[in-house]
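Here is the structure we will look at, set down as structure tokens.
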Amino acid sequence: MSLTKLSEAFFRSAAYERRFLSKNSWDLAMVIWIPLATVLLIWWIFSHTQITDLPIGVIDQDNGPVANTVVRYLEASPTLMVKQLYTSEAVAEKAILQRNIYAVVIIPEDFSRNILSGKPAPLILQVNAQYGTHSGIIQTGVQAVTGTLSAGVEIQRLVKQGMAPSQAVIAYSPISIQRISLFNTATNYQQFLASTVIPALLHILAMVIGATTIGRELRDKNIGHWYDFITNKKTDTVDEDTQPRQARFSVLLFGLLGKYFWPMMAYSIWSMLAVWFAAPQDVIAIGSVIATYVGLLLLMMLSFLIGAILTLNSFSLRMGLSSTGFISAPSYAFAGVTFPYIAISDNAKHWSDVLPLTHYLKLHIAQLQMNAPVAVSLPIVYGLTIATTITMILTTLLTKRALAHPERWGAR
């Protein structure tokens, strides 16, 4: 097969798809407007990069001077906001159930007196642990406040006993932790969540497009007409549209590349936008940005092809879309971003290792958030390249099979 014939199949297939997209606004929106809105909306949602002013309540049963200091310290904490002082636990519990607050700090009776007399004086923190992120931040903030107050009280007591302030500090806490954050030191949730959620959502949309782009030809019994069009074959009768085709592998390969040309062009732009948003331009090496972008392009192409394979294998667009939802929608949960990969079960790890999103996000985090050398992530790029090549071949073979079985066209 000459290169001229193959290039003709590519361009005619791209022209065929362009005409379809120009006449079908919903399919065009899936290629252009919905992914663009997704990228911008997610980045806007996480535009407030740090979590601050989480609302909590306080029940002050002591009303002493030290208790008042506790309330002031809680209000001064950047991650906490004392929304209201409550008089009873029942009212505070109702506020938690209504999500007006996420926790309540109870200052027991005789709290100030116990501290001044050197007796134990615990604070009670009731936190809504259903919200893991909120709960962790609130517990850290309250612990920081109580730690500061405890240190102040104990150091003041030691000083009153005649110890020098510097010695009192050492005596109170002879062992301390020097904590050094290696990556994402500012706890930037835009970098932590938004930059990884966007590729996950693009992955879902790309799989849907992959399924519908070839699936609609099967559903509408137009796949034979599409092949005749890209090979410039004239169909004289309606009956010939439902006849089996003995398709050439190379022609089909270039025809499929043309068919997915416009979605791939659009998603290459959305991928560039996603990487640009995710990369702190002042510290990331250009090699890391390029490796991440190439990896995301491969993930998008792989997503198109997996969606096509699921539809072609079942000869049903409905089954193809259901399968893409089953695979792509929960894939972010298995990727090890929000829940540790090493903590999931062995079966879940096997499933996670099969999902392409898992491997891309490893590359993404290593290059854009951890400043790892590019060589660390090159095996992932090679793996995505091999997977894309294999799925391209498999998609072509399944399309060839579909063209040979017109009796199965038209399935929903």
Side-chain angles (χ1 to χ4, degrees), residues 45-46 48-158 168-169 171-181 184-190 192-193 337-340 343:
I45 288 173
F46 289 93
H48 193 61
T49 57
Q50 273 92 32
I51 296 179
T52 59
D53 296 332
L54 287 173
I56 65 170
V58 174
I59 300 177
D60 188 356
Q61 299 173 345
D62 178 77
N63 294 312
V66 182
N68 293 335
T69 303
V70 171
V71 176
R72 289 200 306 272
Y73 273 48
L74 290 172
E75 290 177 339
S77 174
T79 58
L80 305 175
M81 177 185 66
V82 178
K83 188 171 184 179
Q84 189 173 338
L85 296 175
Y86 296 94
T87 56
S88 69
E89 293 187 31
V91 177
E93 182 181 356
K94 184 178 179 181
I96 290 177
L97 292 175
Q98 293 175 345
R99 291 193 301 178
N100 293 326
I101 59 175
Y102 291 100
V104 58
V105 176
I106 301 175
I107 306 175
E109 287 186 68
D110 298 328
F111 176 77
S112 299
R113 183 183 304 171
N114 288 338
I115 287 180
L116 295 176
S117 60
K119 297 179 180 179
L123 288 174
I124 300 172
L125 172 63
Q126 296 179 351
V127 61
N128 185 357
Q130 178 65 37
Y131 298 94
T133 302
H134 305 59
S135 171
I137 293 174
I138 289 173
Q139 290 182 58
T140 301
V142 173
Q143 187 176 14
V145 168
T146 56
T148 301
L149 283 170
S150 296
V153 170
E154 182 63 15
I155 291 171
Q156 188 177 21
R157 185 182 67 82
L158 294 174
V169 172
Y172 168 73
S173 181
I175 300 175
S176 62
I177 298 175
Q178 185 177 4
R179 185 169 56 186
I180 301 173
S181 298
N184 197 11
T185 56
T187 316
N188 186 330
Y189 278 82
Q190 194 176 62
F192 165 53
L193 279 178
V337 176
T338 55
F339 192 87

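Values in this document were obtained by computation on a predicted structure and should not be read as measured data. Sequential numbering from 1 along the given sequence is applied to the chain's residues.
- Although no hydrogens or angles enter the test, the distance criterion places a donor-acceptor pair under 3.5 Å between the side chain of T69 and the main chain of P65.
- Crowding of Y86 atom OH: a count of heavy atoms from other residues, nucleotides or ligands under 6.0 Å exceeding 12.
- Here T87 contributes atom OG1 and I59 contributes atom CD1; the two are 8.0 Å apart, rounded to the nearest 0.5 Å.
- Atom CD1 of I101 and atom CD1 of I96 lie 4.5 Å apart (nearest 0.5 Å).
- A donor-acceptor contact closer than 3.5 angstrom links the side chains of Q98 and N100.
- Between H134 and Y102, the ring planes are tilted. Angles from 30° to 60° get that label.
- Counting only distance, with no hydrogens or angles, the side chain of S135 and the backbone of Y131 share no donor-acceptor pair below 3.5 Å.
- Panel note: side chain D62, backbone D110; a donor-acceptor pair is recorded below 3.5 Å.
- Using a distance-only test at 3.5 Å, with no hydrogens or angles considered, a donor-acceptor pair links the side chain of T146 to the main chain of Q143.
- A distance of 3.5 Å separates CD1 of I51 from CD1 of I137, quoted to the nearest 0.5 Å.
- Atoms CD and CD1, on E75 and I56 in that order, are 9.0 Å from each other to the nearest 0.5 Å.
- With rounding to the nearest 0.5 Å, the separation of CG in N128 from CD1 in I138 is 8.5 Å.
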